[in-house]
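Below is one structure, written out as structure tokens; comments come after it.
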Amino acid sequence: MQDPTLNKGTAFSEAERDALGLRGLVPPHVQGMEDQVKRFLITYRKRSSDLERYIDLSSLQDRNETLYYKVVTEFIDEMMPLIYTPTVGLACQQFGQIFRRSHGMYISEKERGRIAEVLRNWPRKDIRVIVVTDGERILGLGDLGANGMGIPIGKLALYTACAGIDPIQCLPVLIDVGTNNQSLLDDPLYLGLRQRRTTGQAYDDLVDEFISAVSETFPKALIQFEDFANHNAFRFLSKYRERVCTFNDDIQGTASVALSGIYSALRITGGKLRDQRFLFFGAGEAGTGVGELVVTALTHEGLTEAEARRACWFIDSKGLVVKSRTDLNEHKQRFAQDHAPLKDTLEIIEALRPTALIGASGQPGTFTQAVIEAATRAAGRPIIFALSNPTSKAECTAQQAYEWSKGQAVFASGSPFGPVDYEGRHFIPGQGNNAYIFPGIGLGVLASDSRLVTDEMFLTAARTLASMVTETDLEHGRIYPPLKQIREVSVAIAVEVAKLAAKSGLARETLPEDLEGAIRKLLYIPEYFSYV
Ligand code: NAI
């Protein structure tokens, strides 16, 4: 009863109560799971705030994991914004106050030199997916230190809910090297190390030790890097991607979900990928990640890399990313264009006449009325993605995008927005949620036991996701399938990813003839099993 993976609460049967010595420890009426779900939802839905609902869900996860996943899977539309963005952002900000029971592993400076030994403290041995953060760039909220643990916990819950990866094969990890967030350091309830961030070689060595320790302790684990600061995210991705089975969701997962949205949006606007001109707001992990995958997609369509790069223009906090600038890091330089330096957004739109605005700047309100009107003049039917998370950071709202473009925009966002009625039309804005992509990638990697995760896998995932958007979805401006179908989406992506792993010689498992059937057999179903 104390172990959330085994506990059934009031659902223990009469026979189980006798056999397991549980008589008297639970109320006499044996309740079915359906009634347990009802009971949970009654109080849950009466809560006055999303943070309270988040606490309810976390407590349920800590008490009865099967019931938690039943609720989350069955009501995925309702629960996704709670277990992930936007509510998880709030939960991370208040982590020290809402902490109830430890979940996942904390690897801090104190564990340096013995991380492998510490990982062996984890009670489960067959770990297949690890999500790790160092808390330095949580969503668009900045450095939240050890409070960032909410992110790996949330992402792994999505691996299970969206792709049926067994929760006992998942491990959330927070690498704690301190925080530079003074208000957290001053907060008596802060649970992380009370020091400023370790940087430089000492930081790299700790991450290196962690990666080696994982390879030693959990050799089949996929490691997903999450919410690392920009300067570390790119470095670690290129450092580890050829050595271990790893990817960075902020860079590659975002890229895939955005590219998929672009493919679907083009079915509405009627254009071709090769004829688009993309203007990215924000040249960080998310923005340049999308840019790189767009380039990969275009080169697959026959363009040279140089031609493909000419379709992708970036604005960062200093203006248009052009060759004459001397302040560009490597990932921005790859997109620097031959153009006069411009700063004013409207001037840039007039000069470039983009067909798509992709916002990943973390700067709310960047897509002003004037910007959207200019983009509509330039493109007719502009693709407008406001990807910054959480909702408070979005470049514009769904309502603004539809109104200011007079219903012409094809809109998607990072955090969810409700439907919008505009001049007799009912729009259902798509959420470019990475959860459409990473769980399926993880499932495909798990099924094939792939040694590495490649960019081609993200390209395949984007195409597969786009292929599942129906004409009815498009009629409402919805460029992603309904969340209800997310398990089917994940299975379809997993099949393609596993095939690709086999084709590229990365699979360590021989794939069965009925690959899809085999993948379906792997899926965790949140049902109680009988102990007697
Ligand atoms: P980052 O810190 O790596 O990059 C931010 C970029 O924005 C930098 O290049 C910066 O120069 C630029 N910037 C700042 N002010 C600007 C302005 N006024 N106009 C144009 N550019 C400006 O951050 P990262 O990881 O790229 O994330 C950015 C945002 O994207 C965050 O809010 C994050 O939550 C969101 N995101 C959304 C995802 C999704 O919707 N699926 C997934 C990953 C990230």
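The first residue of the sequence shown is numbered 1, and numbering continues consecutively from there. Both counts, for ligands and for their atoms, begin at 1 and track the order of listing.
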Review point. Would Arg478 and Gln431 count as having a side-chain donor-acceptor pair, cut-off 3.5 Å?
Key: no
Exercise for review: Report yes if some heavy atom in the side chain of Pro354 is under 4.5 Å from a heavy atom in the side chain of Ile349; otherwise report no.
Suggested key: yes
Practice item. Return a yes/no value for Lys393: is any of its N or O atoms, backbone included, closer than 3.5 angstrom to an N or O of ligand 1? Key: no
**Study point:** Per-atom contacts of ligand 1 with Leu387, taking only distances under 4.0 Å to non-hydrogen atoms
**Key:** 35 (C), 36 (N), 37 (C), 38 (C), 39 (C), 40 (O)
**Study point:** Stepwise ring pair (Phe, Tyr, Trp, His ring centres under 6.0 Å) check, Phe335 with Phe314
**Key:** CA-CA 7 Å; Phe335 287 104; Phe314 283 81; 4.7 Å; yes
Practice item. Identify whether the distance between the nearest side-chain nitrogen and carboxylate oxygen of Glu292 and Arg334 falls below 4.0 Å. Key: yes
Study note, to complete from the structure: Gln363 heavy atoms within 4.0 Å reach ligand 1 at atoms 14 (C), 15 (N), 16 (C), 17 (C), 18 (N)
Check your understanding: With respect to atom 41 (N) of ligand 1, which of Asp250, Ile437, Asn434 exhibits the smallest heavy-atom separation?
Key -> Asn434
Check your understanding: If we only count heavy atoms from C-beta on, is the Pro482 to Asp473 side-chain gap below 4.5 Å?
Key -> yes
Exercise for review: Give yes if a backbone or side-chain nitrogen or oxygen of Ser413 is under 3.5 Å from a nitrogen or oxygen of ligand 1, and no if not.
Suggested key: no
Exercise for review: List every atom of ligand 1 that sits less than 4.0 Å from any heavy atom of Gly432, numbering the atoms from 1 in the order shown and giving each element.
Suggested key: 39 (C), 40 (O), 41 (N)
Practice item. For ligand 1, find out whether one of its N or O atoms is nearer than 3.5 Å to an N or O atom of Ala286. Key: yes
Study note, to complete from the structure: Closest to atom 33 (C) of ligand 1 among protein heavy atoms sits Asn389 N, 3.9 Å
Review point. Can Arg137 be said to touch ligand 1, with heavy atoms closer than 4.0 Å?
Key: yes
Check your understanding: Is it true that Lys239 and Asp208 make a salt bridge, defined as a side-chain N closer than 4.0 Å to a carboxylate O?
Key -> yes
**Study point:** Nearest-contact summary for atom 9 (O) of ligand 1 - protein heavy atom, Å
**Key:** Ala283 N, 2.9 Å
Review point. So which heavy atom on Leu328 is nearest to which on Val322, and how close?
Key: CD1-O, 3.5 Å
Point to revise | Within the 6.0 Å centroid threshold, strictly below: Phe427 and Phe411 | key: no
Exercise for review: Give me the ring orientation class for His339 and Trp313: parallel if the planes are under 30° apart, tilted from 30 to 60°, perpendicular past 60°.
Suggested key: perpendicular
Check your understanding: ligand 1 and Thr366, any nitrogen or oxygen pair closer than 3.5 angstrom?
Key -> no
Exercise for review: Return yes if some donor-acceptor pair links the side-chain N/O of Arg325 with the main-chain N/O of Gly319 below 3.5 Å, else return no.
Suggested key: yes
Study note, to complete from the structure: In this structure, atom 14 (C) of ligand 1 is nearest to the protein heavy atom Ser317 CB, 3.7 Å
Review point. Hey, looking at atom 42 (C) of ligand 1, which of Thr254, Asp227, Thr345, Leu320 has the closest heavy atom?
Key: Thr254
Review point. What atoms of ligand 1 come within less than 4.0 Å of a heavy atom belonging to Asn230?
Key: 1 (P), 3 (O)
Point to revise | Phe438/Phe247 aromatic ring centres below 6.0 Å | key: no
**Study point:** Protein residue, atom and distance nearest to atom 29 (C) of ligand 1, heavy-atom basis
**Key:** Ser388 OG, 3.5 Å
Study note, to complete from the structure: Counting from 1 in the order shown, the ligand 1 atoms closer than 4.0 Å to a non-hydrogen atom of Leu139 are 34 (O)
Check your understanding: Would you say the side chains of Glu226 and Thr133 form a donor-acceptor pair under 3.5 Å?
Key -> no
Review point. In chain order, what residues pass the side chain to side chain donor-acceptor pair (under 3.5 Å) check against Glu305, with sequence neighbours excluded?
Key: Arg309
Practice item. Return the residue, atom name and 0.1 Å-rounded distance of the protein heavy atom closest to atom 12 (C) of ligand 1. Key: Gly282 CA, 3.6 Å
Review point. Do any heavy atoms of Lys332 fall under 4.0 Å from ligand 1?
Key: yes
Check your understanding: Going by the order shown, which atoms of ligand 1 are within less than 4.0 Å of some heavy atom of Gly414?
Key -> 40 (O)
Exercise for review: Considering only non-hydrogen protein atoms, determine which one is nearest to atom 4 (O) of ligand 1 and report residue, atom name and distance to 0.1 Å.
Suggested key: Gly284 CA, 3.2 Å
Exercise for review: Considering only non-hydrogen protein atoms, determine which one is nearest to atom 28 (C) of ligand 1 and report residue, atom name and distance to 0.1 Å.
Suggested key: Ala360 O, 3.3 Å
